[in-house]
Amino acid sequence: MPIEESNCKCPAILIELLSAMELPKVYSPAETEKKWYPAWEKEGYFKPSDAPPEGSRPYSIVIPPPNVTGSLHMGHALNNTLQDVLIRWRRMQGYRTVWVPGTDHGGIATQNVVEKLLQKEKKTRHDLGREKFLESMWQWRKESGDAILLQLRRLGASCDWTRTRFTMDEVFSRAVRAAFKQLFDKGLIYRGPRMVNWCPRDRTALADIEVEHEDRAGQLWHIKYPFVGGGGSIVVATTRPETLLGDTAVAVNPEDERYKSLIGKRLVLPLMDRQIPIVADAAVDPAFGTGAVKVTPAHDAADFEIGERHKLPHEVVIDFSGRMTQRAGRYAGLDRFEARKRVVEDLEAQGLLEKTEDYKLSAAVCYRCGTIVEPLVSEQWFLKMKDMAERAAEATRKGRVKIFPSSWEKPCLSWLDNIRDWCISRQIWWGHPIPVYYCPNSAQGSQLKATGNKSILEHGAASLEHPCPPIASIEKPKKCPSCGTSDLTQDPDVLDTWFSSGLWPFAVFGWPDSSEDLKAFYPTGVLVTGHEILYLWVARMVMLGLEFMKDVPFHHVYIHGIVRDKKGKKMSKSLGNVIDPLEIMDKYGTDALRFSLSTSSIPGRDMQLSDESFMSARNFANKLWNASRFVLMNLEGCRPQPLPSSKEWGLADRWILHELQSTIGDVTAALECYNPAEASRSLYEFVWGSYCDWYVEISKVALTGGDAKAKQAKQTLLVHVLNQSIALLHPFMPYETEELFQALKPYLVKPAENLMIAPWPQDAGASDPIAADKMRLVQDIVTSIRTLRSESVIPPATKIDCALRNVDSKAREILKDPDVKAFIIFLARLGAFDTEAGAKPDEYLFTVFSGGEIYVPSKGVVDKEKEKARLRKNLSQLEHMLQRGQAALDNKDFLERAPKEEVASRRETLQQTRKKIEWLHKNLEGLS
RNA sequence: GCCCAGUUAGCUCAGUUGGUAGAGCGUCACAUUGACAUUGUGAAGGCCACAGGUUCGAGUCCUGUACUGGGCACCA
């Protein structure tokens, strides 16, 4: 029969002992992590409070929604750790916080994943048809869609899961259609045939920003175009000879003396036997290649423009799948690269290839699949950007949106300042259907009929006298407002995935309806992201936020680095150098992963991660664990009580509170300016370097001493400083700190229910430079003695006696403090400690500290030769210092121009160094 | 071609207004009844990329060079 809790009448002291003993020697993350996440969620801490305390301000973050294509990788782990650090910190600061999670349908990327699955069954999406294919897309989304969000829970992400959004859920889709319609009605969205970047693999248009440029080795072919009627030829250079088949002119610069007389003449297009003119256009750079350019208006953006200026015909020789069209004559049906090979061969055979040069070109590739992009003319929807970009740039310039680090501001502005219209239509199936409808009496409608509802990429098929205009509508209209027909067909294209992501910061809060959430949480506090989607996403959110909300979507943009491997390479599946965050969490614990990511996250820099960095974070977690374990094991009889008044603080207490205070300031300031590395490092130093190494050690004096009052004060302070430390650490290491907090709770006055909602530590006015000064002396003497022990190979366990001589007045004053003496005796493991030694001992080991000589009597132990070598080594170091110091003080200019304090302090150190050298010399002499 | 970062110990990186260079990891020595060996103590290890300049004084400010990474443009 189980013992009921209420029946358990164990003495409180036993419970304490038990709870302390329950802490195992080593921190084991797995159990802790399992416990706290559900507990926090159950308490509703992830949701913003419905009844916030008065004056509590809202603070919100929206997640950069990961694509529903896979699982958590290290980049996600970093991005979301940083967001969680910030939101937990703000929550503890008392803000009414919300972090909205969600996922993105991810357009081309996600469609590609499912298409690849189909490929394994040797099927294409066209085999399934649009409807069936979309069914399998939704199936995929259902199965693997939110896996990544589940993994975020493991990471400790304190998202409000009740507000989870997906960019294609019904509510969000309505927002997307509403946004489109508003922009359409305002005349900002237009449709037309334009030269766009076409990915023949994904078979869709891409926006300019979705094209990446890669340096590749290629060739520059010089081709002869003979004049009509003979008389030689003109040579043009090209990297894409297959486009020759679609040439409709050759252009030269009008100022180019070499070609001036040839303008207007006609040429025979090789291989095609068509005649084309030589035109003059200022866009041609006479210095490049031969100074003569072949013009292919249908397959090159620059040529398209030349074509417009000279009214040149378009010869479409490459189709949307990257194959040569019927217009390419005998090359019809060939893949573009196969055609290139054949064209070059044929030109060579006909003696029209003058030469081939190696040439470094930057290939335009699709950012999703890496296929070389083909510039093609097609019918697409565009969003006018100029005005929106201007407003976004203005908001950035005025600081309404601040970018951290600010070095990203300039590139961002220059992108906005040079913006071109945004091609927002995609010829894929997975995405938001464009909310535009056509009636059969519209140009597009009639064309759709002709092509069997498949595509209206090509233009000019229909020629109606009075066509009905396209209808943009949030819901499908019943009939055409122009002609009344109810036979309406929706545009077959979908919207660029970034169009919907661009609405994320307000659509997640319920836009276009006006909601409480929207009022409270827009604009959000900060957007946390990597720089790779700065233009693709961030800039667009600013533009669309200003357009629809009349306000920026966030005040701050925090750009973090990219996660790289040990060798500095970007992590990628194909390189096989990925570190799986889930594995790291299994191996080292979630807190170690988070702490390691935070510590490595230096503003504006990419980070290199390796096992060592996780290990060091894991060790830190264990150190904190054991320090807490020590404190808890020494709280026997301790009751919750307020801090003793400052009068009762001993030297070490004043010092640790001084250090704590500056740590609180440092951590808070570092987080304010998005520098988690500085915040976490400062905490590491404080916890390990100050609290564990010195304060906990020193506290052992009082804990084991007989003074009950001193012991009690020490217990209270140990608990207080530990409690403040874990509070500061909580945003970085939420699990372990929560676990420790629960263990500490019985000793805290009015503790919060959970550390997660405990208040953020405040400046307590505990700055104490005098205590810091005194502790510095303690540390100096202790370290000097330790060095001496180590150099003379005296085991630390052996107690030694120690005497100081020639102590200067400042040090003597400090040594009067009984604490100082006691600490030194304890930390340096001394037997007798004589601070005012008179006579020199007979045999001794010798060293110096900043304020005097240190003698360690050691009868019969001293190896004279070894001791001499040791002292000589010390001496040579000091002499080096003396030399440098003397040089400065011998410099007249320095004495005259440097500030007095500087000169004085140099004099003092020099004096000290001299004294030390003198003492060392004397002792060296004494040895021989 | 233009712009922005970076270059500091073997490795990864700190270094605030200019004042004799710091940490972690790794290495070496010593320590295992200790809160913690995922530990402690100590040591070794640096022409702060290079060349100039400003300054009494430069890792820090200025100019130039080299290399690395990134952004943008050109790309016939």
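Below, chain A is the first sequence line, B the second, and so on; all start at residue 1. Computed from heavy atoms alone, side chains included, the values below leave out hydrogens, waters and symmetry copies.
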Hey, does A/Leu220 reach any base, or is it just sugar-phosphate, or nothing, if we go heavy atoms under 4.0 Å? sugar-phosphate
A/Lys623 side-chain proximity, nearest of B/C75, B/U39, B/C72: B/U39
Expressed in whole Å, how much space separates the P atoms belonging to B/G69 and B/U32? 50 Å
Separation between the C1' atoms of B/C56 and B/C11, rounded to whole Å: 38 Å
Below 4.0 angstrom, N of the basic side chain to O of the carboxylate: do A/Glu678 and A/Arg681 qualify? no
Short side-chain N/O contact to B/A35 OP1/OP2 from A/Trp688, under 4.0 Å: no
Would you mind telling me which of B/A35, B/G70, B/U38 lies closest to the side-chain atoms of A/Trp408? B/G70
Could you check whether any side-chain N or O of A/Thr290 sits under 3.5 Å from a backbone N or O of A/Val235, counting only pairs where one atom can act as donor and the other as acceptor? yes
Sort by first number and list every stem of RNA chain B: at least 3 consecutive Watson-Crick or G-U wobble pairs, both distances under 3.5 Å. B:1-7 with B:66-72, B:10-13 with B:22-25, B:27-31 with B:39-43, B:49-53 with B:61-65
Hey, does A/Tyr691 reach any base, or is it just sugar-phosphate, or nothing, if we go heavy atoms under 4.0 Å? nothing
Sub-3.5 Å donor-acceptor pair from the side chain of A/Thr663 to the main-chain atoms of A/Glu659, do we have one? yes
Taken to the nearest whole Å, CD1/A/Ile403 to C1'/B/G71 is 13 Å
Do A/Lys700 and A/Phe630 form a cation-pi contact, if we require the NZ or CZ to be under 6.0 Å from the six-membered ring centre and within 45 degrees of the ring's axis? yes
Restricting to non-hydrogen atoms, name the atom on A/Leu23 and the atom on A/Leu632 that form the minimum distance, rounded to 0.1 Å. CD1-CD1, 3.3 Å
Using atom C1' in both nucleotides, what's the gap between B/G45 and B/U8 to the nearest angstrom? 13 Å
Using a 4.0 Å heavy-atom cut-off across all strands, classify A/Lys360 as base, sugar-phosphate, or nothing. nothing
Does a side-chain N or O from A/Lys25 land closer than 4.0 Å to OP1 or OP2 of B/C36, or not? yes
Mind checking the P distance from B/G24 to B/G19? Whole angstroms is fine. 23 Å
Using atom types as modelled and distance alone, determine if a side-chain donor or acceptor of A/Ser876 lies under 3.5 Å from a backbone N or O of A/Lys873. yes
Looking only at atom C1', what distance separates B/G42 and B/U54, rounded to whole Å? 42 Å
With heavy atoms under 4.0 Å as the rule, sort A/Ser905 into base, sugar-phosphate or nothing. nothing
What integer distance in Å separates A/His213:NE2 from B/G1:P? 18 Å
Which part of the nucleic acid, if any, lies within contact of A/Phe620, taking any heavy atom under 4.0 Å across all strands shown: a base, the sugar-phosphate backbone alone, or nothing? nothing
Between B/G57 and A/Asn891, is there an OP1 or OP2 to side-chain N/O distance shorter than 4.0 Å? no
At under 4.0 Å between heavy atoms, what does A/Asn634 touch on the DNA or RNA strands: base, sugar-phosphate, or nothing? nothing
Nucleotide of B/U41, B/C30, B/A43 approaching A/Val793 most closely (side-chain heavy atoms): B/C30
Between the OG1 atom in A/Thr248 and the CG atom in A/Asp303, the distance rounded to the nearest 0.5 Å is 8.0 Å
Interatomic distance where CG belongs to A/Asp208 and C1' belongs to B/C74 [whole Å]: 15 Å
So A/Gln883 and A/Gln886, do their side chains get closer than 4.5 Å, heavy atoms only? no
When all nucleic acid strands are considered with a 4.0 Å heavy-atom cut-off, which category describes A/Ile602: base, sugar-phosphate, or nothing? sugar-phosphate
What's the gap between B/C67 and B/A73 when it is taken at their C1' atoms, as a whole Å value? 23 Å
Any salt bridge linking A/Arg906 with A/Glu902? Criterion: basic side-chain nitrogen under 4.0 Å from a carboxylate oxygen. yes
For B/C11, take OP1 and OP2 only and decide whether either is under 4.0 Å from a side-chain N or O of A/Gln608. no
Need one value for A/Thr787: base, sugar-phosphate or nothing, where a base atom within 4.0 Å counts as base even if backbone is also close, heavy atoms only. sugar-phosphate
Taking the C1' atom of each, how far is B/A66 from B/A51, in whole Å? 10 Å
RNA chain B: 5'-proximal contact among A/Thr783 and A/Arg829 (nearest heavy atom): A/Arg829
What is the per-nucleotide protein-contact pattern of nucleotides 16-24 of chain B, from the 5' end, where B denotes a base atom under 4.0 Å from a protein heavy atom, S denotes such proximity for sugar-phosphate atoms only, and - denotes neither? ---BB---S
Calculate the interatomic distance between A/Leu361 atom CG and B/C74 atom P; express it in whole Å. 15 Å
Round to the nearest Å and state the distance from A/Asp300 atom CG to B/C75 atom C1'. 10 Å
Look at all strands and tell whether A/Val295 reaches a base, only sugar-phosphate, or nothing, counting heavy atoms closer than 4.0 Å. nothing
Taking the P atom of each, how far is B/A58 from B/A49, in whole Å? 15 Å
Taking C-beta and beyond as the side chain, do A/Phe614 and A/Ile579 meet within less than 4.5 Å on heavy atoms? yes
Whether A/Asn626 side chain and A/Asn622 backbone form a donor-acceptor pair below 3.5 Å: yes
To the nearest Å, how far apart are A/Lys410 NZ and B/C2 P? 13 Å
Applying a 4.0 Å non-hydrogen cut-off, can you work out what A/Val236 is touching in the nucleic acid: base, sugar-phosphate, or nothing? nothing
Test: A/Arg594 and A/Glu736 ion pair at under 4.0 Å: no
For B/A14, take OP1 and OP2 only and decide whether either is under 4.0 Å from a side-chain N or O of A/Arg605. yes
A/Asp893 atom CG is separated from B/U54 atom C1', nearest whole Å, by 15 Å
Choose from B/G71, B/U38, B/A35 the nucleotide whose nearest atom is closest to any side-chain atom of A/Val26. B/U38
So, under a plain 3.5 Å distance rule, would you say the side chain of A/Ser362 forms a donor-acceptor pair with the base of B/C75? yes
Spell out, as yes or no, whether a donor-acceptor pair under 3.5 Å connects the side chain of A/Ser601 to the backbone of A/Ser598. no
Closer to the 5' end of RNA chain B via nearest nucleotide, is it A/Phe630 or A/Glu791? A/Phe630
Touch class at under 4.0 angstrom, heavy-atom based, for A/Glu697 against every strand present: base
Find the distance A/Asp606:CG to B/C4:C1' and express it as a whole number of Å. 13 Å
